[in-house]
Amino acid sequence: MNSCNCPNQSTTSNNVNQTVHRPPFHTEEHEHGIRLQVALPGVRKEDLKLTLHQSNLTIEADRHQELPENWKTLRESNSPRSYGLNVRLAARLDGTKTSASFENGVLTLQVPVREEAKPRQIHVA
């Protein structure tokens with residue numbers, strides 16, 4: 001059972017010349033919720049934007065090229081790039097209690113299960 005609905009395509013932003021790339025991600029479900037890991041190479045923490053609206057979690061990030069003066073890259077591995085990912089959280093998940101960490105270009109989100117969606121034992125009187 002998948003706890004998020006993640007589109008599988010790149011999108012174009014409002015700026016006609018800029019493409020927004022869908023970053024690679026991995027979702028792992030466990031009894032307490034889900035863990036979502038998103039690869040954002042070269043992105044700085046201050047260039048991340050996470051937005052939650054109802055059950056939709058939006059991740060936006062920009063990678064800016066920062067090279068010393070007079071340097072050129074031979075490949076596009078450090079070229080500016082915009083990332084975007086929309087995740088629709090399952091109703092059983094509590095997006096308002098999402099925690100996030102960002103380390104070595106990997107964004108990790110922990111989304112817990114809502115208290116009312118957790119199994120509980122009912123005492124018979």
Side-chain angles (χ1 to χ4, degrees):
M1 182 170 164
N2 195 357
S3 295
C4 69
N5 177 15
C6 307
N8 194 11
Q9 60 188 354
S10 294
T11 58
T12 303
S13 68
N14 293 338
N15 181 351
V16 176
N17 296 328
Q18 185 174 0
T19 300
V20 177
H21 300 274
R22 185 183 139 271
F25 64 93
H26 174 73
T27 306
E28 183 180 312
E29 195 168 342
H30 50 80
E31 67 182 85
H32 302 291
I34 65 164
R35 179 173 70 169
L36 174 67
Q37 293 183 303
V38 184
L40 299 166
V43 172
R44 298 178 312 178
K45 182 176 166 180
E46 49 274 5
D47 294 327
L48 274 171
K49 181 181 176 187
L50 305 175
T51 308
L52 179 67
H53 183 260
Q54 296 176 349
S55 63
N56 293 315
L57 176 65
T58 302
I59 300 166
E60 298 173 285
D62 290 311
R63 178 177 71 191
H64 302 286
Q65 186 173 12
E66 294 181 15
L67 295 173
E69 194 174 319
N70 299 326
W71 281 37
K72 285 198 301 187
T73 59
L74 299 176
R75 300 181 308 188
E76 293 187 26
S77 63
N78 198 35
S79 62
R81 179 172 276 211
S82 292
Y83 295 102
L85 181 64
N86 293 314
V87 178
R88 180 170 298 192
L89 300 175
R92 68 184 196 87
L93 297 174
D94 190 351
T96 63
K97 294 186 179 172
T98 300
S99 63
S101 62
F102 188 64
E103 188 175 337
N104 298 324
V106 177
L107 173 65
T108 302
L109 301 167
Q110 299 282 351
V111 186
V113 173
R114 292 182 185 279
E115 285 300 317
E116 60 272 12
K118 290 181 180 178
R120 58 186 172 271
Q121 196 165 10
I122 299 171
H123 177 71
V124 179

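Sequence positions, counted from 1, serve as the residue numbers for this chain. Values in this document were obtained by computation on a predicted structure and should not be read as measured data.
Atom NE2 of His30 has more than 12 neighbouring heavy atoms from other residues, nucleotides or ligands inside a 6.0 Å radius.
In this view, Ser82 and Gln18, Asp62 satisfy the side-chain hydrogen bond (donor to acceptor under 3.5 Å, both in side chains) rule, not counting sequence neighbours. Scanning for salt bridge (charged side-chain N to carboxylate O under 4.0 Å, His left out) contacts around Glu31 gives an empty result, with sequence neighbours left out.
Of the inter-residue distances, the one linking Leu93 atom CG with Ser55 atom OG reads 9.5 Å to the nearest 0.5 angstrom. Rounding to the nearest 0.5 Å places CD of Glu28 at 11.0 Å from CG of Leu36. A distance of 11.0 Å separates CG of Asn56 from OG1 of Thr51, quoted to the nearest 0.5 Å. Put simply, CD on Glu103 and CG on Leu107 are 12.0 Å apart, with the number rounded to the nearest 0.5 Å.
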Full working for side chain to side chain contact (heavy atoms under 4.5 Å, CB included) between Ile59 and Phe25: CA-CA 11 Å; Ile59 300 166; Phe25 64 93; over 6 Å; no

Intermediate values then yes/no, side chain to side chain contact (heavy atoms under 4.5 Å, CB included), Leu85 and Thr58: CA-CA 6 Å; Leu85 181 64; Thr58 302; over 6 Å; no

Side chain to side chain contact (heavy atoms under 4.5 Å, CB included) between Leu89 and Leu52, worked out: CA-CA 10 Å; Leu89 300 175; Leu52 179 67; 4.2 Å; yes

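No continuous path of ILVMFWY side-chain contacts below 4.5 Å connects Val106 to Val111, so the two sit in separate hydrophobic clusters.
Nearest heavy-atom pair across Pro112 and Lys97 is CD-O, 3.5 Å. Nearest heavy atoms, Ala100 versus Leu50: CB-CD1, 3.9 Å. Across all their heavy atoms, Pro23 and Leu40 have their closest contact at CB-CD2, 3.8 Å. When every heavy atom of Val20 is checked against every heavy atom of Tyr83, the shortest pair comes out as CG1-C, 3.6 Å.
Applying the side chain to side chain donor-acceptor pair (under 3.5 Å) test to every pair with at least one member in residues 110-125, sequence neighbours left out, gives these pairs: Glu115-Lys118.
By the 4.0 Å N-to-carboxylate-O rule, Glu29 lies close enough to Arg92 to be salt-bridged with it.
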